[in-house]
Number of protein chains: 2
Amino acid sequence: MAVSKNPISGLNKIFDNRIRLGVMSVLMVNEEVSFNDLKQMLEVTDGNLATHMVTLEENGFIKVHKGFIGRKTNTTYSITKVGQKSFADHLNALENMIKGVR
Amino acid sequence: MAVSKNPISGLNKIFDNRIRLGVMSVLMVNEEVSFNDLKQMLEVTDGNLATHMVTLEENGFIKVHKGFIGRKTNTTYSITKVGQKSFADHLNALENMIKGVR
DNA sequence: TTATTTACTTTGTATTACAAAGTGCTTTTT
DNA sequence: AAAAAGCACTTTGTAATACAAAGTAAATAA
């Protein structure tokens, strides 16, 4: 058999993790999402979610907004331009891989 | 914002790893692939590939065939029925997630 | 006043991923 | 014939990752 092209070379390592994948896919279609909503959607502990959010932020994929509802803290997240581009690239790589399989 | 459905609940944890994802996608479209071809395609060290192959085998997703070319050992891998079904389910979950994003 | 919520941080553990080196057998090269 | 190299691993060790659980501080709700 001939050796064909590496099917996973276009994937972004940051998005291999399922929780970060989930966060990004939620933020692609929702302008702003709160910490709590993400936590409930993805069914994760808050400590775990917090560390993944830090990873995404450190990579410049998301922005954090620390605000208030009344005088109660309320943190929301949104995707950055870089995040949109990087995630779209990742999804394209995934789709190409899937296309190769079907 | 209302809390929508978990976008990653249908994903299979075994296929989160990029190397296992690559192996499965290669084995979906090729009857039989040798250890060496996989190694070259995915650009991994042999120790690393070997452990991922064991994981896939232990989960019943692939079958190992230890054979010879002449008197030289030759190991090939193929996907199982279970592997096909599980990987197809995973790809469907991925596609649904992508669809939700676009 | 006590309990609860929010959005974390800290701590600790378990799992994972990976490279590198070693192995035993064979073939190829010199 | 001897040395080098390929095959398909296993072993060893390390570093990174993931995660739960508990702790925290400021605020609100009961």
Side-chain angles (χ1 to χ4, degrees), chain A residues 1-3 6 8-9 11-24 26-27 30 32-59 61-78 90, chain B residues 1-3 6 8-9 11-24 26-27 30 32-59 61-78 90:
Chain A
M1 210 211 93
V3 174
N6 187 342
I8 56 167
S9 57
L11 300 176
N12 188 324
K13 278 186 188 174
I14 300 293
F15 304 137
D16 281 352
N17 177 273
R18 51 176 35 226
I19 294 172
R20 292 194 295 265
L21 194 71
V23 167
M24 291 303 285
V26 169
L27 292 183
N30 299 282
E32 249 188 323
V33 183
S34 72
F35 185 86
N36 249 298
D37 283 346
L38 283 172
K39 199 178 85 172
Q40 281 178 253
M41 273 183 233
L42 301 172
E43 299 166 89
V44 279
T45 55
D46 45 7
N48 195 10
L49 179 58
T51 58
H52 287 302
M53 298 315 280
V54 168
T55 299
L56 290 174
E57 207 203 337
E58 283 174 350
N59 281 273
F61 297 152
I62 63 168
K63 265 190 311 251
V64 185
H65 316 268
K66 276 155 199 292
F68 292 88
I69 291 181
R71 287 220 313 275
K72 207 168 161 182
T73 58
N74 183 66
T75 304
T76 61
Y77 301 91
S78 64
H90 182 77
Chain B
M1 210 211 93
V3 175
N6 187 340
I8 57 168
S9 57
L11 300 176
N12 188 323
K13 279 186 189 177
I14 300 294
F15 305 136
D16 281 352
N17 177 275
R18 51 175 37 227
I19 294 172
R20 292 194 294 267
L21 194 73
V23 168
M24 291 303 287
V26 170
L27 291 183
N30 299 283
E32 249 187 323
V33 183
S34 72
F35 184 88
N36 248 296
D37 283 346
L38 283 173
K39 199 178 84 172
Q40 281 177 253
M41 272 182 232
L42 301 172
E43 299 165 90
V44 279
T45 55
D46 46 9
N48 195 10
L49 180 57
T51 59
H52 287 302
M53 298 313 278
V54 168
T55 300
L56 290 173
E57 207 203 338
E58 283 174 348
N59 281 274
F61 297 152
I62 63 168
K63 266 190 311 255
V64 185
H65 317 268
K66 275 153 200 293
F68 292 90
I69 291 179
R71 286 220 313 274
K72 204 168 162 184
T73 59
N74 183 66
T75 303
T76 61
Y77 300 90
S78 63
H90 183 77

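Worth knowing before you read on, the calculation uses all heavy atoms, side chains too, and leaves out hydrogens, waters and symmetry mates.
The nearest heavy atom of DNA chain D to B:T51 and to A:T45 marks one nucleotide each, and the one closer to the 5' end goes with B:T51. The residue among B:D16 and A:F35 whose nearest nucleotide of DNA chain C is located toward the 5' end is A:F35.
To the nearest angstrom, P of D:dA18 lies 11 Å from CG of A:L56. Remark: C1' of D:dC19 and NE2 of A:H52 are 8 Å apart, rounded to the nearest angstrom. In this structure, B:N74 atom CG and D:dA8 atom C1' are separated by 10 Å, rounded to whole Å. When rounded to the nearest whole Å, the span between NE2 of B:H65 and P of D:dC9 equals 12 Å. Rounded to whole angstrom, the span from the CG atom of B:D37 across to the C1' atom of D:dC7 amounts to 12 Å. If you take CG of B:L49 and P of D:dC7, they are 13 Å apart, rounded to a whole angstrom. Between the CD atom of A:E58 and the C1' atom of D:dT17 there is a distance of 14 Å, given to the nearest Å. Atom pair A:N48:CG and D:dA22:P shows a separation of 16 Å (rounding to whole Å applied).
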(request) Go through the steps to decide whether A:V23 and A:V33 satisfy the test side chain to side chain contact (heavy atoms under 4.5 Å, CB included), and finish with yes or no. (result) CA-CA 9 Å; A:V23 167; A:V33 183; over 6 Å; no

(message) Pair B:R20, B:I14 - check side chain to side chain contact (heavy atoms under 4.5 Å, CB included), show working.
(response) CA-CA 7 Å; B:R20 292 194 294 267; B:I14 300 294; 3.7 Å; yes

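A:R20 comes within 4.0 angstrom of sugar-phosphate atoms only, judged by non-hydrogen atoms across all strands, and of no base. A:K66 comes within 4.0 angstrom of the backbone, heavy atoms only, and of no base.
Annotation for B:N74 and B:S34: closest pair OD1-CB, 4.3 Å, computed over non-hydrogen atoms.
In this view, B:S9 and B:K5 satisfy the side-chain hydrogen bond (donor to acceptor under 3.5 Å, both in side chains) rule, not counting sequence neighbours. Residues satisfying the side-chain hydrogen bond (donor to acceptor under 3.5 Å, both in side chains) test with A:T75, not counting sequence neighbours, are none.
Checked by distance alone, B:N36 brings no side-chain donor or acceptor within 3.5 Å of a matching partner on the base of D:dC7.
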Report all interatomic pairs (protein N or O, nucleotide N or O of nucleotides 24-28 of chain D) with separations under 3.5 Å.
{"unit_1": "D:dA27", "atom_1": "O3'", "unit_2": "A:R71", "atom_2": "O", "d": "3.4"}

Using atom types as modelled, flag every donor-acceptor pair under 3.5 Å from a side chain in residues 38-48 of chain A to any protein atom, sequence neighbours excluded.
{"unit_1": "A:E43", "atom_1": "OE2", "unit_2": "B:N6", "atom_2": "ND2", "d": "2.7"}
{"unit_1": "A:N48", "atom_1": "OD1", "unit_2": "A:H52", "atom_2": "NE2", "d": "3.2"}

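Using a 30° and 60° split on the angle between ring planes, B:H90 and B:F15 fall in the perpendicular class, above 60°.
Bracketed by its first and final contacts, the part of DNA chain C lying under 4.0 Å from non-hydrogen atoms of chain B reaches from C:dA17 to C:dT27 in 5' to 3' order.
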(request) Go ahead and write out DNA chain D as dot-bracket, 5' to 3': ( ) for pairs within the strand, [ ] for ones crossing earlier pairs, | when the partner sits on another strand, dots for unpaired; Watson-Crick or G-U wobble, both distances under 3.5 Å. (result) ||||||||||||||||||||||||||||||

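Between atom OG1 of residue B:T73 and atom CZ of residue B:F68 there is a gap of 7.0 Å, rounded to the nearest 0.5 Å.
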